[in-house]
*Asks:* 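Sharing a structure, written as structure tokens. Questions coming.
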Number of protein chains: 2
Amino acid sequence: MASADQESSEQAGFDGARARMRLRVPSVAERVAEELRYQLAEGFLVPGSKLTEATIAEDLGVSRNTVREAFAELAAERLLLRQPNKGVYVATLEAGDIHDVYTVRRAIEVSSIRAGGSPERIAAVRAAVDEGKRAAAVNDNEGLGSANQHFHGAIVALAESNRLDTIMAQILAEMRLYFHKATMNAHFYSDWLAENEQICAALEAGHLEEAGDLLLAYLNRSEQQQTAIHGD
Amino acid sequence: MASADQESSEQAGFDGARARMRLRVPSVAERVAEELRYQLAEGFLVPGSKLTEATIAEDLGVSRNTVREAFAELAAERLLLRQPNKGVYVATLEAGDIHDVYTVRRAIEVSSIRAGGSPERIAAVRAAVDEGKRAAAVNDNEGLGSANQHFHGAIVALAESNRLDTIMAQILAEMRLYFHKATMNAHFYSDWLAENEQICAALEAGHLEEAGDLLLAYLNRSEQQQTAIHGD
DNA sequence: ACCGCTGGATTGTTCAACAATCCAGCGATC
DNA sequence: GATCGCTGGATTGTTGAACAATCCAGCGGT
């Protein structure tokens, strides 16, 4: 997702008329990266475990060189850790990294929401909130989780910055990798809904300062929770 | 610089006693990437020009596959643009990208300075200001430019977040690439010194809000200047 | 318990080949 | 004369094999 979108010049306010064609066939290396990303997000590859080039190459039926290219891509996204002459390992988040990740989130999320956004972008935030409500209604824990990620992604999208979007996407991928389904019990999601609703409402009402404060408070609390669980 | 530092667990408060050894020999691909980064920053490779794999491979005396790995790394940093089946090109910043870049800078720089920082980190900011003054004293335009980059890098470093640091490093590399020496006349540097001094003073005095406001104002003005020059 | 060695496994890098794709040029056609 | 279709050459994408460099576990010697 990082190197996939190179339409930085493609402004958002484009007429739907001249819709871009995008029938590009992703390269093999990209598909390998995509597959690995999927397996990482799904938890098939546990943090810290080693990925051997030859094995993966054979499993996916591609050349070792191609696997290497995919590794490079994922290493650049911090999903894999490359240790020279030793191998690549699934990234692990240490105690310090949790703070690190939340520092980034505070910077870009709060800044994005404080600057407001176009009505369409705000509507996208609202949509994510609703998505969460629907998931909660049917007790879909997994759906609840991704709805929350959509919510925070939509907040960053308010800023209409491609770079912030990809940064956020990477951070979310990192969190998916580490705070995996297994580690998140239902009680985590308890407060989200109400809080997201509150933030979204403030945003819609144009109370940007308040929205920012609420979001900041949420992030701080969330960091505390995570640190408490993944001990340090 | 992006994938080079994987000591995310290495907290800042480390005793100088157990200094890290770092005698790692960078891989060939990394050295190729380094060389290209240098040529990009130095302006030998103009934005938009095409880089042919075979040519670079021969010039540097390495294999085409290795060049490819280096390309992947630089493409992930947005310094190169990979167009599938066509080739890699030196990245160009369109009008919209300028706003994009500054949006990121506003987010992470302002957020970093508003949170303050340890005395050592603040001292580093001060050091960057002094570096600028020394460069100005001898009319060293180039030194003045890099001093300013050090200044803003030091501000982000206040947050003590590895991720923010690498993000900022990439952004600065992008700007170096585009706003190259040739394009920046001396008059650009005119205000910097006084303003950096002011920001730094506010920071040292603990007036974080004021420091943030000053920095924000600077970034906004700088964006305007850049947009004015590199037409839109 | 410490040391050095050694062999096997894995990564790093190169090379050569071929398929897939793009692009410029060049006729053929209306 | 502009458009279309083709074709040939150049470049990228991908593979497979080979070899060098490096690491690591195990083993034996002291």
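Convention: sequence-line order gives letters A, B, ...; per-chain numbering from 1. These values consider heavy atoms only, across backbone and side chains, with no hydrogens, waters or symmetry-generated copies. Being a predicted model, the structure only gives us computed values, none of them experimental.
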*Asks:* Is the closest side-chain heavy-atom distance between A:Leu219 and A:Glu109 below 4.5 Å?
*Replies:*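 Contact flag for A:Leu219/A:Glu109 side chains = yes.
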*Asks:* Looking at B:Thr66, does any N or O in its side chain come under 4.0 Å of the phosphate oxygens OP1/OP2 on C:dT14?
*Replies:*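 For C:dT14, OP1/OP2 do have a side-chain N/O of B:Thr66 under 4.0 Å.
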*Asks:* Looking at D:dG16, D:dT14, C:dG12, which one has an atom nearest to any side-chain atom of A:Asn65?
*Replies:*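 For the A:Asn65 side chain, the nearest candidate turns out to be D:dG16.
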*Asks:* When the distance from CZ of A:Arg82 to C1' of C:dG12 is rounded to whole Å, what number comes out?
*Replies:*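 Computing the A:Arg82:CZ to C:dG12:C1' distance gives 9 Å.
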*Asks:* Can you tell me if the side-chain N/O atoms of A:Arg64 get under 4.0 Å from OP1 or OP2 in D:dT15?
*Replies:*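 So the side chain of A:Arg64 is outside the cut-off, no N or O lying under 4.0 Å from OP1 or OP2 of D:dT15.
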*Asks:* Between P on C:dT13 and CG on B:Leu60, what's the gap in Å once rounded to a whole number?
*Replies:*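 Distance check: B:Leu60 CG to C:dT13 P gives 14 Å.
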*Asks:* Would A:Glu58 and A:Arg64 count as a salt bridge (Lys or Arg N to Asp or Glu O under 4.0 Å) if you check the C-alpha gap in whole Å, the side-chain angles of each, and the deciding distance to 0.1 Å?
*Replies:* CA-CA 8 Å; A:Glu58 197 171 8; A:Arg64 196 158 72 90; over 6 Å; no
*Asks:* Grab the CG-P distance between B:Leu51 and D:dT11 for me, whole Å please.
*Replies:*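 Distance check: B:Leu51 CG to D:dT11 P gives 13 Å.
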*Asks:* Measure from CD on A:Glu69 to P on C:dT11 and round the result to the nearest Å.
*Replies:*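 Going from CD in A:Glu69 over to P in C:dT11 covers 17 Å.
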*Asks:* Rounded to the Å, how far apart are A:Ile56 CD1 and C:dT11 C1'?
*Replies:*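 To the nearest whole Å, that distance equals 14 Å.
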*Asks:* The test is side-chain hydrogen bond (donor to acceptor under 3.5 Å, both in side chains); show your working for B:Glu174 and B:Gln170 and say whether it passes.
*Replies:* CA-CA 6 Å; B:Glu174 277 192 82; B:Gln170 286 185 18; over 6 Å; no
*Asks:* Do B:Arg134 and B:Asp140 sit within salt-bridge range, that is, some charged N less than 4.0 Å from a carboxylate O?
*Replies:*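 Salt bridge flag = no for B:Asp140 with B:Arg134.
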*Asks:* Between A:Ser63 and B:Phe71, who's closer to the 5' end of DNA chain D by nearest nucleotide?
*Replies:*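 So the residue in question is B:Phe71.
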*Asks:* Mind calculating the distance between CZ (B:Arg68) and C1' (C:dA16) to the nearest angstrom?
*Replies:*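 Roughly 15 Å, once rounded to whole Å.
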*Asks:* Which whole-number value in Å describes the distance from A:Glu58 CD to C:dT10 C1'?
*Replies:*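 After rounding, the gap between these two atoms is 15 Å.
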*Asks:* Check whether any side-chain N or O of A:Lys86 sits under 4.0 Å from OP1 or OP2 of D:dC24, and answer yes or no.
*Replies:*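 Affirmative; the distance criterion is met.
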*Asks:* How long is the line joining CD of B:Glu53 and P of D:dT14, in whole Å?
*Replies:*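 My rounded result for the distance is 11 Å.
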*Asks:* Is the A:His152 ring parallel, tilted or perpendicular to the A:Tyr218 ring (thresholds 30°, 60°)?
*Replies:*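 Geometry flag for A:Tyr218 against A:His152: parallel rings.
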*Asks:* Ignoring backbone atoms, test whether B:Thr52 places a side-chain nitrogen or oxygen under 4.0 Å from the OP1 or OP2 oxygen of D:dA10.
*Replies:*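 Checking B:Thr52 against D:dA10: no side-chain N or O falls below 4.0 Å of OP1 or OP2.
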*Asks:* Quick check for you: among D:dT12, C:dG12, C:dT14, whose closest atom lies nearest to any side-chain atom of B:Val62?
*Replies:*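 For the B:Val62 side chain, the nearest candidate turns out to be C:dT14.
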*Asks:* Nearest-nucleotide wise, let me know which of A:Asn85 and B:Val88 is further upstream toward the 5' end of DNA chain D.
*Replies:*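 Comparing both residues, the 5'-ward one is B:Val88.
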